[in-house]
Amino acid sequence: MGGSGIKGALVDTAAGALTTKRHRIATPAPGTPDQVAGVVRLIVKHFAWNERMGVALPARVKRGIALTAANIDDSWIGIDASALLSNATGCETAVLNDADAAGLAEMTLGAGRGSGGVALVLTFGTGIGSALFIDGVLVPNTEMGHLELHGGVAEHYAAESARKRDNLNWTQWAGRVQEYLSHTEFIFAPDLIVLGGGVSRPKRTRKYLHLLSTSARLVPAKHQNEAGIIGAACAATKPL
Ligand code: BGC
């Protein structure tokens with residue numbers, strides 16, 4: 001689930017690949033839990049799905065409950081998203097943070113596969129999502145997009161949405177991303193950084209990746225905008 005669209009697909013979790021096209025429905029404003037549950041029901045119906053599923057939310061999620069709501073409606077806070085979506089669809093639903101989902105896809109089946117040490121998967125979109133791994137094991141619910149930078153929230157300054165909002169060219173935006181990466185590296189000293197989100201498409205990375213310099217190995221995500229869906233499906237294969 002994203003701020004502008006809610007997308008679903010069937011996934012081959014062993015191969016780490018979608019087996020269908022993504023079905024997308026615009027996120028209804030303001031995106032309350034009941035509105036979103038209605039859309040998720042339509043997506044499940046579209047695929048005639050009736051088994052377990054995974055849903056990635058742009059929120060900190062513990063035991064199925066949404067604890068934050070940075071780029072979604074505040075009414076999500078405290079909601080048992082797992083119970084809500086399971087009831088709305090009849091499918092037992094695993095719910096996790098969207099960047100954690102993308103991170104799981106990248107570290108197990110994508111650009112970070114086989115990497116030990118400290119790895120960070122960062123997704124650039126409306127906000128900046130983060131997933132932290134130690135020797136391939138996820139430390140869930142980190143919120144590195146909310147680190148402080150220039151006295152404000154880092155994601156407001158360096159997310160993909162800030163590039164559009166402030167009409168930045170790719171070089172200008174890369175300058176901001178560099179500041180953000182340097183700050184994040186200073187705090188977490190990762191060995192690997194995977195850059196994810198829509199900006200990890202080759203068409204995009206060509207415009208800015210060469211401008212970035214990090215101590216950690218820096219690689220674009222393999223699954224790009226599909227990582228969240230793949231990771232959510234992987235989460236659904238494990239006990240809730
Ligand atoms: C949210 C995170 C989310 C990220 C990417 C941030 O604003 O706080 O939970 O992972 O955006 O969607």
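First listed ligand is number 1; within each ligand, the first listed atom is number 1. Since we're looking at a predicted model, the values are computed, not measured.
Shown are His46, Lys7, Lys45; of these, the side-chain contact (heavy atoms from CB on, under 4.5 Å) with His23 is made only by His46.
Using a 4.0 Å heavy-atom cutoff, Gly125 is absent from the residues neighbouring ligand 1. Ligand 1 lies nowhere less than 4.0 angstrom from a heavy atom belonging to Leu57.
Set against the non-hydrogen atoms of Ala59, the atoms of ligand 1 under 4.0 Å away are 9 (O). Close approach of ligand 1 to Pro58 (heavy-atom distance below 4.0 Å) involves ligand atoms 9 (O), 12 (O). The contact set between ligand 1 and Ala70, taken as ligand atoms under 4.0 Å from a residue heavy atom, comprises 1 (C), 7 (O), 8 (O). Atoms of ligand 1 found under 4.0 Å from any heavy atom of Ile128 (numbered from 1 in listed order, with element): 4 (C). Taking a cut-off of under 4.0 Å to the non-hydrogen atoms of Gly129, the atoms of ligand 1 that pass are 4 (C), 5 (C), 10 (O).
Judged purely by atom type and a 3.5 angstrom limit, Trp76 uses its side chain to pair as donor or acceptor with the backbone of Gly31. A donor-acceptor contact shorter than 3.5 Å links the side chain of Glu185 to the backbone of Ala216. Looking at Thr68, its side chain does come within 3.5 Å of a backbone N or O of Arg60 through a donor-acceptor pair. At least one donor-acceptor pair closer than 3.5 Å links the side chain of Thr20 to the backbone N or O of Leu10. For the pair Asn97 (side chain) and Ala99 (backbone), a donor-acceptor distance under 3.5 Å is present. A donor-acceptor distance shorter than 3.5 angstrom exists from the side chain of Thr93 to the backbone of Cys91, with no hydrogens or angles considered.
Between atom 10 (O) of ligand 1 and the options Asp98, Val153, Asn71, the minimum heavy-atom separation is to Asp98. The closest heavy-atom contact to atom 9 (O) of ligand 1, among the options Glu143, Met1, Met144, comes from Glu143.
Ser75 and Thr32 share no side-chain donor-acceptor pair at under 3.5 Å.
When side chains are defined from C-beta on, Leu122 counts as touching Leu181, because their heavy atoms get closer than 4.5 Å.
Only the side chain of Asn97 comes within 4.0 Å of ligand 1, judged by heavy-atom distances. Under 4.0 Å from ligand 1, not a single heavy atom of Ser130 appears.
The protein heavy atom nearest to atom 6 (C) of ligand 1 is Glu155 OE1, 3.3 Å.
Of the polar atoms of Thr123, none of the N or O atoms is found under 3.5 Å from an N or O of ligand 1, judged by distance alone.
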